[in-house]
Each structure stands twice: as structure tokens, then as C-alpha cells.
2 protein chains.
Amino acid sequence: MQEQEYEQIFSRFLAKKGLRLTLPRKQILDAVFSLHSHFDAEQLFDVLRIRNAEVSLATVYRTLPLLLESGLIQHSMRQESRDVYEHIFGHPRHLHWICRQCGSVSETSLDDIMPYLERSAREQHFELEDFSLNLMGLCWRCKNENRNQ
Amino acid sequence: MQEQEYEQIFSRFLAKKGLRLTLPRKQILDAVFSLHSHFDAEQLFDVLRIRNAEVSLATVYRTLPLLLESGLIQHSMRQESRDVYEHIFGHPRHLHWICRQCGSVSETSLDDIMPYLERSAREQHFELEDFSLNLMGLCWRCKNENRNQ
DNA sequence: GAATAAATGAGATTCATTCTCAACAAGGAC
DNA sequence: GTCCTTGTTGAGAATGAATCTCATTTATTC
Ligand SMILES: [Mn+2]
Ligand SMILES: [Mn+2]
Ligand SMILES: [Zn+2]
Ligand SMILES: [Zn+2]
């Protein structure tokens, strides 16, 4: 398999910090990019086990902040008292609509909103690094379901 | 002291659920509205102790979801692995700029953004109940500080 | 091939939050 | 009033995601 671009990015990021792209880190990285949805630490750990990667949960927890700092993943939301992430390299930023009843999450574009946030950041001389916009309520499905009762 | 409007609101909310505005709940409510900044459960508990209200921490944790559901407070952010709230009754919604270095939080208006969110919610038939928009990065202060080193 | 610094797994620990449970109050029916 | 149901509370136990400790291993530098 050819070297992925995300691997180069992570490897360079690590090198800049005097760290190395070890096998466990590479396996975690690959697992993260094998997933195409939101995940928490435990789910990522499960994926690693399925892929026969011998990585401990401690190392998963240790690697997540590195992936965050490298910009390859983002912290997306907190659900059921777990931190939820997703990879963002190669994906446009988006916002999350979270149904409080069924827990479903859907995504929409940030295009309309970004310019305002960027302008506001500039006005305050705030160096924006990351952000999250999560909207809670009832999805159309649950809304209808509630109505029919 | 005259009865506060928030008390009426909370009382009615509770009644609708078959619950009562007991003394501990009233004391928690008053403590929440005596604060004019973000707070977490422990900080609220401290305020209650200072005000000589004999309320247990368990009751604080039990009352926060009720206050949330009543719409009197909102969950503002998560900081240092604590859930942070603030009362919103009588305050305009706003977004948070959180400095990752000094931990400071500043607020700006949501006016520019709200219409887009509301339109987007309508388009998806999503019933929006709550949301949070938190922006992480470096405040101007920390940005300058880092530059001068 | 020493010396140094980073990395790891296993298991212990932390600590915000939730749960359990026994005791207590409020309110309605009679 | 008493009985009964339901809600409320404090104290302390339990939970569990996330972090930390430490002994051991691995890579890098000189
Ligand atoms: Mn997403
Ligand atoms: Mn605020
Ligand atoms: Zn739903
Ligand atoms: Zn700062």
C-alpha cells in the first residue's frame, strides 16, 4: 500500500516535536482514517483490536491529543460522557445537529457562517485554532414520532 | 425581597412536571442568579455554602438538569473536564471565545449567525432546542505574550 | 556500545458525576 | 385526624472515562 498523505503530515508533525511515528502510532493513525464517522476512544480501540493491532488503550488516549494538535482530527462533540472525534483531513468543516432523543447526528456546511466567525476573530485579534458548533434538539423523525402519540 | 420572575418560571416549570419548588431548589435557583458568570457544579456548591444554604452536592447535581430543561440556564462549555453553565434568563445568547493558554473566556453576539442556523434548522425540519458555539485558540493577550519570547 | 531520550503496556488512580437507600415531607382520599 | 402514594433529600457508595505511574523496551546520538 502506498504511503498516505496523512501519514506524511503526522510524521512531520511528530518530527517537529522530537517524536517518532512508531508502529502503534501508525496503526492508530490508519485506524482513524479507516473510519468515516465519529468515534470515541473506546470505539477506536475496538477497531484496532479487529485489525489485529496490538495497541493498548493507554496509547490510544496518548495519541489522540497528538492527532488533535496535528490538525488531522478534531474533537467533534461530547456524547454520553465521552469525547467524540473524527478525522478532518480531506473533509470540509461542518456543524452537527444532534437529536437528544435518538442520538442521531447529522452534518451541514459551515460556509454561510465561517466568514462571520473569521471576521469576528480578526476584530478581537483572537487566533482561532479550532471550534465546535453543535445544535441540539429533535430530528424530524423523532419530532414526527412524538406528534403521533 | 420580592418574588423574582425566574422563580415563577421555575415554579411553573416544576409544577407542570408534578414537582415542587422546595427550599433547596429555591436556594440553588437564587444562587444561580446571584452569579453573573460561568460556573460549574462545585463552584455553585461553594456559593451555596457561603450563603449558608444547607444543600447537598447531590441536590445541586440533581437540580442542574431541571434548570437546563426549564430554559433558565444553559450548558455553556466543558472546561478542565467540568461542565460549565450560566443562567440565560434575561441575557442574550452569545458565543464563547476560549483561550487555550490562559483559559479566559470572552463572549460576542450571535446576531449575525442566528438567522442562518434558524433557516438551516427549518430546512431540515429539525426542532432546535439548544446549541453551543465555542471557539478555541489564543486570546490577543496570550498571542502577544508568545510573540515576545 | 554506552548514554540519553522517547514509547509502551498494564494496572492503579483520579475525580466529576450518578446512583442507592433510608429517612422524611407533602398532599389527596376518606 | 390517619392512611397512602409520590416526591425530596443527604450521605456515602459506585461508576467509568481519562490520566498517571512505573518498569521495561526501543530508537538515536556520539
Ligand atoms: Mn462530523
Ligand atoms: Mn457565556
Ligand atoms: Zn431523533
Ligand atoms: Zn489567553
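Residue numbers start from 1 in every chain, and the chains themselves are labelled A, B, ... in the order their sequence lines are given, proteins ahead of strands. All heavy atoms count here, side chains included; hydrogens, waters and symmetry mates do not.
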Ring geometry between A:His91 and A:His87 (parallel below 30°, tilted from 30 to 60°, perpendicular above 60°): tilted
5' to 3' contact window, DNA chain C with chain B (heavy-atom distance under 4.0 Å): C:dA16 to C:dA26
What's the [atom1]-[atom2] distance between [X] and [N], to the nearest Å?
X	N	atom1	atom2	answer
B:Leu21	D:dT8	CG	P	10 Å
A:Gln43	D:dG16	CD	P	16 Å
B:Leu23	D:dT8	CG	C1'	12 Å
A:His75	D:dA18	NE2	P	8 Å
B:Phe45	D:dT9	CZ	P	14 Å
B:Lys17	D:dT8	NZ	P	11 Å
B:Leu57	D:dG12	CG	P	13 Å
A:Phe39	D:dA17	CZ	P	16 Å

Short side-chain N/O contact from A:Tyr61 to OP1 or OP2 of D:dA18, under 4.0 Å: yes
Phosphate OP1/OP2 of D:dT8 contacted by B:Thr59 side-chain N/O (<4.0 Å): no
A:Asp83, nearest nucleotide to its side chain (from D:dG10, D:dA17, D:dA18): D:dA18
A:Arg82/A:Glu42 ion pair, N-O < 4.0 Å: no
B:Glu145 with B:Arg141: basic N within carboxylate O range, under 4.0 Å: no
Pairs where residues 18-28 of chain B contributes a residue and the test side-chain hydrogen bond (donor to acceptor under 3.5 Å, both in side chains) is met, not counting sequence neighbours: B:Glu7-B:Lys26, B:Lys26-B:Asp30
Under 3.5 Å side-chain donor-acceptor pair for B:His75 and B:Asp83: yes
B:Leu19 vs A:Glu80, nearer the 5' end of DNA chain D by closest nucleotide: B:Leu19
5′-ward residue of the pair B:Arg20/A:Pro65 relative to DNA chain D: B:Arg20
Sugar-phosphate only, base, or nothing, as touched by B:Arg25 at under 4.0 Å among non-hydrogen atoms: sugar-phosphate
Side-chain heavy-atom pair B:Gln124, A:Trp97 within 4.5 angstrom cut-off: yes
Side-chain donor/acceptor of B:Arg62 to base of D:dG10, under 3.5 Å: yes
Smallest separation among heavy atoms of A:Pro24 and A:Thr59, with atom names: CB-CG2, 4.1 Å
Whichever of B:Val84 and A:Glu54 has its nearest DNA chain C nucleotide further upstream toward 5': A:Glu54
